[in-house]
**Q** 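The following block contains the structure, expressed as structure tokens.
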Amino acid sequence: MKPQSVPSYSQGAQDKALLAMTIGQAFDRTAARYPDGEALVVCHQQQRYTWAQLARAVDLHARALMALGLQVGDRLGVWAPNCAQWFISQFASAKIGVVLVNINPAYRLSELEYVLKQSGCQWLVSAGSFKTSNYHAMLQELVPELAGQPAGALDCARFAELRGVISLDPEPPAGFLPWAQLATLGGEVTDEQLQVREACVQFDQAVNIQYTSGTTGFPKGATLSHHNILNNGYMVGESLGLTASDRLVIPVPLYHCFGMVMGNLGCVTHGTTMIYPGEAFDPGLTLQAVAQERATGLYGVPTMFIAMLDHPRRAEFDLSSLRTGIMAGATCPIEVMRRVISEMHMGEVQIAYGMTETSPVSIQTGPADDLELRVTTVGRTQPQLENKLIDAEGNVVARGEIGELCTRGYSVMLGYWNNSQATADAIDGEGWMHTGDLAQMDEQGYVRIVGRNKDMIIRGGENIYPRELEEFFFTHPAVADVQIVGVPDAKYGEEIVAWIKFHPGHAANELELQTWCKSRIAHFKTPRYFKFVDAFPMTVTGKIQKFKMREISIQELEAREPKAMPST
Ligand code: AMP
């Protein structure tokens with residue numbers, strides 16, 4: 001008889017109880033506990049709030065949203081870069097049972113139209129403009145009725161449910177409701193009315209719709225409950241050991257769960273100060289915020305940490321107050337982790353792994369994990385969750401074998417908004433969310449992410465995991481960042497393309513890199529093609545869009561080496 005192998009299944013710790021409350025209740029609890037503690041610092045708006053001040057602002061705006069007619073279950077879109085109003089909208093809507101719809105600040109007309117329609121937003125909070133996007137102009141084009149009708153009484157052909165747009169611009173065009181007017185509207189609803197409303201809100205109700213980044217396919221609205229995201233923020237903060245003395249710099253976008261769950265809710269559940277360094281990520285502004293605010297924690301996706309490490313003025317900023325933080329959202333290269341620990345004083349930095357659909361974090365390294373585990377794995381299953389790895393037939397694989405990662409527990413989303421087919425495809429009958437990520441679990445339950453299902457390159461029958469190759473290129477002294485993609489090839493089925501970003505002042509050519517590879521890795525893993533770039537195509541959350549890189553590489557190769565490409 002074959003000996004029984006240990007299955008790749010693990011359950012997180014059970015000793016930490018989940019919070020049985022709504023987001024509004026958790027926020028009020030912290031505000032009551034630390035009224036004079038600093039809650040929020042928004043560097044680019046020169047705004048500071050204590051918890052008591054923030055609670056007053058949240059309550060006022062919750063009452064204003066009620067005055068606008070928003071009911072439990074209605075949707076409020078937010079289309080803006082990081083700012084104080086983003087935070088206030090998040091917590092004001094949660095208090096009154098309204099579902100916040102996060103709209104990617106980089107979206108343009110067609111994407112905005114899609115999410116507004118798909119989610120059926122009743123109201124939208126919009127910035128005036130951001131970077132090269134003129135939000136007002138786009139809204140005027142999509143909703144021409146805005147100019148001719150009073151805000152709040154919109155009758156719009158394209159968006160049947162939309163009643164109005166609140167603008168963060170102090171002087172918006174006709175038809176937009178200025179944010180400042182919410183303060184007056186808030187006076188129309190009493191504290192008692194707000195309390196009555198809050199009592200109707202249950203923690204299992206939907207509180208948030210987040211459209212998945214679009215690294216693959218069409219955006220789907222992951223619908224998350226109070227219970228999902230409040231507890232995930234709480235568990236992430238617990239793992240970091242956050243307290244009311246901590247000060248966390250949040251340069252990641254609020255529209256993504258990294259900002260609004262791991263950042264805002266992680267801090268709100270622990271009384272930790274939130275510091276937004278800028279509207280969007282900027283390495284210099286982030287380093288400056290850490291130094292000026294004496295921050296103890298810092299979040300970022302790997303590319304953000306690389307940009308901070310390579311910043312020409314990094315030495316001017318005193319980062320010695322830092323102790324912890326999280327690197328997550330994409331593969332965290334070992335070399336980058338090591339440098340963050342040694343050069344940015346983040347001795348307790350942790351890696352987190354997750355996806356929007358699981359609120360997001362399901363696996364995280366812990367404070368007790370030794371350095372090697374913290375830099376080479378994404379950690380172990382988070383408290384109160386389960387993870388397993390399965391093969392193509394759905395069977396659990398043995399420890400050490402590669403399988404698709406599946407997650408079950410409190411953090412799994414309610415489903416995709418108005419898309420029962422996609423929900424059924426993602427969450428099976430036993431409640432497992434199928435992540436599409438490939439992973440390995442060791443004897444102690446530590447997980448290594450080896451790539452996405454679709455990422456795997458098969459060249460001449462050999463499986464190549466981009467993650468492994470990327471780690472390898474990070475050991476080259478000239479390489480600052482690297483992404484590996486596969487392109488179709490007439491002879492081998494697929495060939496490898498390495499997109500490489502060099503450290504400032506460094507370079508290497510294709511031949512030098514291939515020669516360097518040859519003595520160090522198996523021949524079939526040596527990239528046939530290289531592309532040298534200053535930046536990778538990315539979503540605003542810093543997620544690399546490999547499908548775009550693949551498309552670009554294919555186009556370029558078709559022009560350069562048509563014979564290598566398979567005939568169609
Ligand atoms: P999103 O839903 O936008 O947060 O994207 C989730 C995806 O990001 C996951 O399915 C993974 O492919 C990737 N991801 C997140 N965290 C990590 C990590 N620590 N290591 C590798 N990949 C990650």
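When a ligand or atom number is given, it counts from 1 through the structure's own listing order. What you see below is based on every heavy atom in this structure, not just the backbone, and it leaves out hydrogens, waters and symmetry mates.
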**Q** Which of the atoms in ligand 1, numbered in the order shown and given with their element, are less than 4.0 Å from a heavy-atom of Gly329?
**A** 8 (O), 13 (C), 14 (N), 15 (C), 16 (N), 17 (C), 23 (C)
**Q** Give yes or no for whether the N/O distance cutoff of 3.5 Å, strictly under, is met between Asp437 and ligand 1.
**A** yes
**Q** Any nitrogen or oxygen of His256, side chain or backbone, less than 3.5 Å from one on ligand 1?
**A** yes
**Q** Is any side-chain heavy atom of Met235 closer than 4.5 Å to one of Leu18?
**A** yes
**Q** Run the contact test for Gly354 against ligand 1 with a 4.0 Å cut-off on heavy atoms, strictly below, and give the result.
**A** yes
**Q** Once the angle between the rings of His227 and Tyr410 is folded into 0 to 90°, is it parallel (under 30°), tilted (30 to 60°) or perpendicular (over 60°)?
**A** perpendicular
**Q** Measuring from the heavy atoms of Gly436, does anything fall under 4.0 Å of ligand 1?
**A** no
**Q** With no hydrogens and no angle check, just 3.5 Å: does a side-chain donor-acceptor pair link Asn387 and Thr381?
**A** yes
**Q** Using 30° and 60° as the class limits, which term best fits the ring planes of His256 and Phe258: parallel, tilted or perpendicular?
**A** perpendicular
**Q** Between ligand 1 and Ala352, is the shortest N or O to N or O distance under 3.5 Å?
**A** yes
**Q** Mind checking salt bridge (charged side-chain N to carboxylate O under 4.0 Å, His left out) for Glu494 and listing every partner two or more places apart, or none if nothing turns up?
**A** none
**Q** Provide the number and element of each atom of ligand 1 under 4.0 Å from a heavy atom of Thr356.
**A** 1 (P), 2 (O), 3 (O), 4 (O)
**Q** Is Val378 close enough to touch ligand 1? Criterion: a residue heavy atom under 4.0 Å from a ligand atom.
**A** yes
**Q** Check Thr377, Thr376, Asp369 against Tyr446 for a side-chain hydrogen bond (donor to acceptor under 3.5 Å, both in side chains) and give me the one that passes.
**A** Asp369
